[in-house]
Every structure is written in C-alpha cells, then in structure tokens.
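Every chain is numbered from 1, with letters handed out A, B, ... down the list of sequences.
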Number of protein chains: 2
Amino acid sequence: MPITLLVAVPLSQRAAAMTEQPTIIIVDDDAEVREALSSLVRSVGLQTKALASVPEFLNEGRPDGPTCLVLDVRLPGQSGLDFQRELSAANIHVPIIFMTGHGDIPMTVQAMKGGALEFLTKPFRDQDLLDSIQLGLARDRAWLENEKAVAALRARFETLTPREREVMALVVTGRPNKQIAHDIGISEITVKVHRGQVMRKMKASSLPTLARMADKLNLAVQ
Amino acid sequence: MPITLLVAVPLSQRAAAMTEQPTIIIVDDDAEVREALSSLVRSVGLQTKALASVPEFLNEGRPDGPTCLVLDVRLPGQSGLDFQRELSAANIHVPIIFMTGHGDIPMTVQAMKGGALEFLTKPFRDQDLLDSIQLGLARDRAWLENEKAVAALRARFETLTPREREVMALVVTGRPNKQIAHDIGISEITVKVHRGQVMRKMKASSLPTLARMADKLNLAVQ
DNA sequence: GCACTGTCTAAACCAAAGTATAATCGCCTG
DNA sequence: CAGGCGATTATACTTTGGTTTAGACAGTGC
C-alpha cells in the first residue's frame, strides 16, 4: 500500500494575536480622498493607514491584527484587481473592499469572483463603507482565529518523526493497530509506541479528536 | 451535563441521482433571445428548458440531475435578484448565471454576494456563456453528490433511537464508555450495547469514521 | 391480553488499546 | 568515540472496547 502524506502548507504569514488593534488600510491615489476616508474611519475609533499606491502596502508590512483593505480599483501602476490576484496567488488573505468612480460590470464581476467583500461606486454613503469594514474585520478575525489554531496544530505535527506521521495517518483512518503494523511492515507493539507518542505530541485527548486534527491538517493517506 | 442534539435539516429536495442528464434552464421574457440561447446550449449537447418567467420554474418542477439557471435580471414581475433571494431563503441550491442588457454595479454586487456564478452583460460571447454553464454544472454535480451522501447519513441517523443518538453524540467526542455511563446515569455495559448498535446502524467501520459522520451531520453536544 | 419496541442490566468472555521497562541497532554530531 | 535520537522489539500487565446470551420492565398498538 503506497502511503503519502499531504500536509497543507498555507503560506500565509498573517497568523497573529487576536489582541492586536484592527487596522484599516486605505489605498487611493487622490490625497484628498485618502484623507477624507481615513478621517471617516478614524471617527469610529479604528486605526488607519493611508497609502497612495500598492507597493507601499507590501513595504509597510502587514499589520498583525484584524485588517481590511479599502482599495480604489484604478490605481497608478498596478490596478486594484491585479493586486487582488497577486495577494491571492501569494496566499495572503485580506478582506478587500473596492471603490470605483468609473467601474464597469465585468470589473465588478472579476473582483467579486476573486473574493472581494464589497464593490462600492463613488459617491457612496459613509455608512455603507463603515458597515462593510465592520463585516470585513469580523471575517478577518474569524479567519485569523482559525489560522492560529491550524498553525498551532501544524507546529505540533512538525514535531512528529517520519514514522510517527506515517502511523498517525493510518490511525486516523480508523485502522486497528494490527493492520497498521502489517501495512508498514513493523510489529504491532511498535505501532502502539508510535501511536502513544503521536497522542502526546499532538495533545490529542482521544481518537476522534486526533482524527479531527488530521482533517484540519488535510492529512491524507492515498 | 445538559445534552442537546443538533441535526442540520437541509430542506433541499434536490438530492438526486447522478445519472440524470444535465438541464439548463433559460429564463428570458424575450422569446427570440430565449430561442437563440436555447439553441446555442443545445448545440453543445445539453438539454434545455426555456421559460418566459420565474413562476414557471417552480411550476415546471425542478430537474433531478445537475442543473444551471440562466436568468435575465430584469424579468416580468419578480426580478432575477428577488428570485435568487427567494431560492436562497427556501434553501434551494442552483447555480445561477445572470444576464443583463442594462445592469448596474450595485445590482451586480448583490447578485455575486448572493452566490451568482456569473453576471454577463449583453451582448456577450457565446463561449463565455457556455464556459460558465460548464462550470455551473460541475459545481452542481459536486453539490448534489455531497447532498446525496449527507442524505444517506441522515437517513441512517434517523433509524437511531433517542438513547442511541444521545450515546452517539457523546461517543464522537471521544469520551470513554465509563464516563458516558456516568454522564447520562446508566451502566457502562448499557453504553456498550447502544454504542454497538450505533456503529451497526450508521454503518461506521471505525470510531474516526463515526466521528466524521457526526461532523457531517452537525451533530453536537452542548 | 399479546406482541413489539425501547431501555436497562448482568455474566462471561475475547479482542484491542495503552503503559512501563528494558534492550538492540544505526546514524549523526560534538 | 561517546551520547543522543529514531526506530524497533519483547515481556508483562492493566484498562477499554465490544459481543453474546439472557433476563426484566414499561409503554404502545392491535
């Protein structure tokens, strides 16, 4: 039986503490608009970072706390949609709210398909933007929380030796020790030893718990 | 310990055989457009049903096989977006492709947020529609397959007696028999009997398998 | 009343899981 | 080369899990 271990490696570096303050990043090439939006967002008690272009975002570094991007689709250099694609390709997950003065439907469709939270046409009501921002932050908080949990799991999984990983992959399918031993050609007692180690290292209190951890890690036997 | 069983009841009646032929439902009030689209879709070997209005859809009854809706957003009576909301509220899951001659961005955003697959502006290229339809069918097939599996699980779960469900809910948390017995105030051996029954009735070959079934059923102990 | 279902329990086992101790072997590193 | 780690195994036990057989009791429906 050929056994392969598949572990999802979610390249995101955004797994961060939940205690951090939320940050709203506003990107618009028009300084006046930037300032107005920034002021609006600050008026509801949220921390903002106003930028004129996209490269600044990557240079500035990403905040650790819950984040929401407010982007003009038409930006100098790279368009907002290109940037969205780029973030997506780099596996960087941030809720994006697009704004546009002269957008069209295909552009809107592309943005929404790409996972945009909202696509506002200027002029829009302040409250619409603020509502979207709150929704974006809520989603990002949930996402960060999940990401944090998965990262913790992965860290534990990485402390497993190759053999332990192999045994774990089979254990979570529900195969009995005897069968696992036969599958990988070792004795049953050795399987038990590895299995015990896996439970301890993964901090799993029960078999169903371990199975759910494996599922979250996309651990699979093929 | 207060124990509650939560079972998701997915009101959809669309769990059907995978062997059914796909059907594309085209709704447009313009008979010429309807015929042209219908002909286009049939030209690639797909079965179509052309309708002039939305109520017809519900009267006609829904096809059992993979389905994709092609809707003009502006329809006589109820708008396409209203209809989308209605389907969603009724928990009827069908991929929807919208078409429009005079749409705007807010309308597009609403449709996409509502889960629309595509939002095409007339005139569009035939191939764009056909591509979207194929994508819609693929998604619907996957959805139907999953729905079918969950329905089968639910059917088995419903053969369980109240006590068996209670025991199952605790078993899948990983609690040992002795604790479960204490939790619900019966003897350990009775728990074992119920547990065995649960495994047989649910056709679960192992504990992790049973746990995954419970997860799919949204079975929870609170 | 009678059959039936659901629930509960016990005795008697057998199989599987889990733990502790101890020992062997290969490999790599300081 | 000594020490550590990973992997392997054995012995010896304890604890759980799981099945079978058999009996008891309450409530439902015919």
Side-chain angles (χ1 to χ4, degrees), chain A residues 1-5 7 154-214 217 219 221, chain B residues 1-5 7 154-215 219 221:
Chain A
M1 183 197 279
I3 295 174
T4 311
L5 299 180
V7 184
R154 193 171 314 111
R156 287 182 230 157
F157 183 75
E158 275 159 8
T159 69
L160 299 184
T161 66
R163 236 347 176 207
E164 285 162 359
R165 295 176 195 202
E166 207 174 352
V167 170
M168 173 170 168
L170 290 166
V171 163
V172 297
T173 67
R175 277 179 97 66
N177 292 340
K178 198 181 290 185
Q179 315 257 24
I180 296 175
H182 175 259
D183 289 345
I184 60 184
I186 60 178
S187 77
E188 188 187 341
I189 191 108
T190 310
V191 172
K192 288 183 182 182
V193 171
H194 289 319
R195 185 174 179 150
Q197 266 300 89
V198 168
M199 294 298 282
R200 269 184 296 280
K201 285 186 176 180
M202 295 301 291
K203 298 192 201 297
S205 57
S206 70
L207 183 52
T209 304
L210 188 72
R212 292 189 178 101
M213 289 177 174
L217 288 170
L219 194 64
V221 185
Chain B
M1 183 196 279
I3 296 174
T4 311
L5 299 181
V7 184
R154 196 173 311 112
R156 288 182 230 158
F157 182 75
E158 275 158 8
T159 68
L160 300 184
T161 67
R163 233 350 173 210
E164 285 161 0
R165 296 177 194 201
E166 207 174 353
V167 170
M168 173 170 168
L170 290 165
V171 163
V172 297
T173 66
R175 278 179 96 64
N177 292 340
K178 198 181 290 185
Q179 315 258 25
I180 296 175
H182 174 259
D183 289 346
I184 59 183
I186 61 178
S187 78
E188 188 186 342
I189 194 135
T190 309
V191 172
K192 289 183 181 181
V193 171
H194 288 319
R195 184 173 181 151
Q197 267 297 89
V198 168
M199 295 298 282
R200 270 184 296 279
K201 286 186 174 179
M202 295 300 291
K203 298 192 199 297
S205 59
S206 69
L207 183 53
T209 304
L210 188 73
R212 291 188 178 101
M213 289 178 175
D215 291 349
L219 194 63
V221 185

In terms of side-chain heavy atoms of [X], which of [options] is nearest?
X	options	answer
Ser187(B)	dA17(C), dT9(C), dG18(D)	dT9(C)
Pro162(B)	dG17(D), dG18(C), dT7(C)	dT7(C)
His194(B)	dT19(D), dT7(C), dA7(D)	dT7(C)

Minimal non-hydrogen separation, [X] against [Y], with atom names:
X	Y	value
Val167(A)	Ile184(A)	CG2-CD1, 4.1 Å
Arg163(B)	Ile186(B)	NH2-CG2, 3.3 Å
Val172(A)	Ala169(A)	CG2-O, 3.3 Å
Arg156(B)	Met213(B)	NH1-CE, 3.6 Å

In this structure, how many angstroms lie between the [atom2] atom of [N] and the [atom1] atom of [X], rounded?
X	N	atom1	atom2	answer
Glu164(A)	dA7(D)	CD	C1'	10 Å
Arg195(B)	dT19(D)	CZ	P	10 Å
Glu188(A)	dA10(D)	CD	P	11 Å
Gln197(A)	dT9(D)	CD	P	16 Å
Leu207(B)	dT16(D)	CG	P	15 Å
Ile186(A)	dT24(C)	CD1	P	20 Å
Met199(A)	dG18(C)	CE	P	6 Å
Leu210(A)	dG18(C)	CG	P	10 Å

Looking across every strand, which nucleic acid part, if any, lies under 4.0 Å from Thr190(B) by heavy atom: base, sugar-phosphate, or nothing? base
Interatomic spacing from CZ in Arg195(A) to CG in Asn177(A) - rounded to 0.5 Å: 4.5 Å
At under 4.0 Å, does any side-chain N or O of Lys178(A) touch on OP1 or OP2 of dA16(C)? yes
Under 4.0 Å between a side-chain N or O of Asn177(A) and OP1 or OP2 of dA17(C)? yes
On DNA chain D, compare the nucleotides closest to Thr161(A) and Ile189(B); which residue's is nearer the 5' end? Thr161(A)
Closest nucleotide of DNA chain C for Val193(B) versus for Lys201(B): which of these residues is on the 5' side? Lys201(B)
